[in-house]
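Atoms within each ligand, like the ligands themselves, are counted from 1 in listed order.
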Amino acid sequence: MTEKDFVPGPFPKKLSKGQATWTAPSNIALVKYWGKGPDQVPANASVSLTLDVCTTTTTVYYTPLKKRAPDFSFDILLDGKINIGFKPKIHTFLRRIDPYLPFLKDVHIRIETTNTFPHSSGIASSASGMAALALCLLEMEKVANPDADEEYCNKKASFLARLGSGSACRSIQGNVVHWGRHPNVEGSSDLYGIPYPYKIHPVFENYEDTILIVHRGQKQVSSTAGHDLMHNHPFASRRFEQANENVAQLQDILATGDLDRFIQMVEHEALTLHAMMMTSVPYFILMEANTLKIIKRIWAFRKRTGTHVCFTLDAGANVHLLYPQNERKEVVQFIYDELVILCGEGQLIRDRIGSGALAR
Ligand code: DP6
């Protein structure tokens, strides 16, 4: 499919006043997306686990305007309060998706959004937030064209979400999602995420992700600025190749449930992401001292117990601990005994692999 396939034809029905509500999950990448071209095209393919507990719920109320407006007419509320801070990002998003939802200037839109995780927790809400918003806006198209099929709608929701935030395109469906054109992955596209099309070993069912909030508050580097650092980065082209090689290797790892190789790849990916930021110009260290302490304690615990807990990181200091459900008891005990003390005021979120967004 190309961009043109997402430009709708004339709608059989006219929009009247209405509303749509969706809950969309966050996701955590196993192979990371870091580096992009214009129009949110990723520099390499990525694969993520869809989460279950960390979600955004958004309601969009739409009211037809008497006359088509010259610009988008919208309000945004976070936790019931008008939030002007989000307006520029949403405006950019609406501008990017306008060709694909051409009725957006015909309506006033009121966006009400809440997250299950605290806004100040340092967990990015852009993936779940943009996915939930894309799904709500697409709902208007579904009203105007009730014949659109489910597969098309999932692809289009992911396509639209990507234009808000790249990783958001992996927050529409579960449980494992692939995004980015890749020769070994059938049906893969730079334009949208797809449910992982290959075998996934049962050991990954109910996989858990406990998120340790080491650092609350705003990220040191926004993702947009971070992706930009990959332009003219001395190691960028090799990194993009490596990520695509990892995506290829992951096929066998996920199919066989080889947790030792899984751990090696996931941790290596996380450290490579941080290495890219440590070696860009300007350079950044996004880990905190406690991030490192947590990593070392995980390694020692794994050596001592033979369990399969591993870590991954986003572009920040917080640590995601991934482990199979059948090792949960031991790992959770370890988290409370040794790791909680390293998080800001005992902050952690127990999450797990999830099945994707839901209409409310
Ligand atoms: C480190 O999706 O937040 O989490 O497209 O600029 O919104 P934008 O970037 P974003 O980047 C996420 C980067 C990452 C890795 C990943 O999720 O793959």
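Geometric assessment of K87 against the ring of F74 yields a positive cation-pi assignment under the 6.0 Å and 45° thresholds.
Protein neighbours of ligand 1 below 4.0 Å, counting non-hydrogen atoms: A29, K32, Y33, W34, K36, Q40, S165, G166, S167, R170, S223, T224, H227, L273, D314, A315.
Here the straight-line distance linking atom CE of M140 with atom CG of L138 works out to 9.5 Å at 0.5 Å rounding.
Heavy-atom neighbours of D79 CG from other residues, nucleotides or ligands within 6.0 Å: above the threshold of 12. More than 12 heavy atoms of other residues, nucleotides or ligands lie within 6.0 Å of CG in L65, so this atom counts as buried by the packing criterion. Within 6.0 Å of the NE2 atom in H233, the count of heavy atoms belonging to other residues, nucleotides or ligands exceeds 12.
K105 contributes no side-chain N or O that, together with a main-chain N or O of P102, makes up a donor-acceptor pair within less than 3.5 Å.
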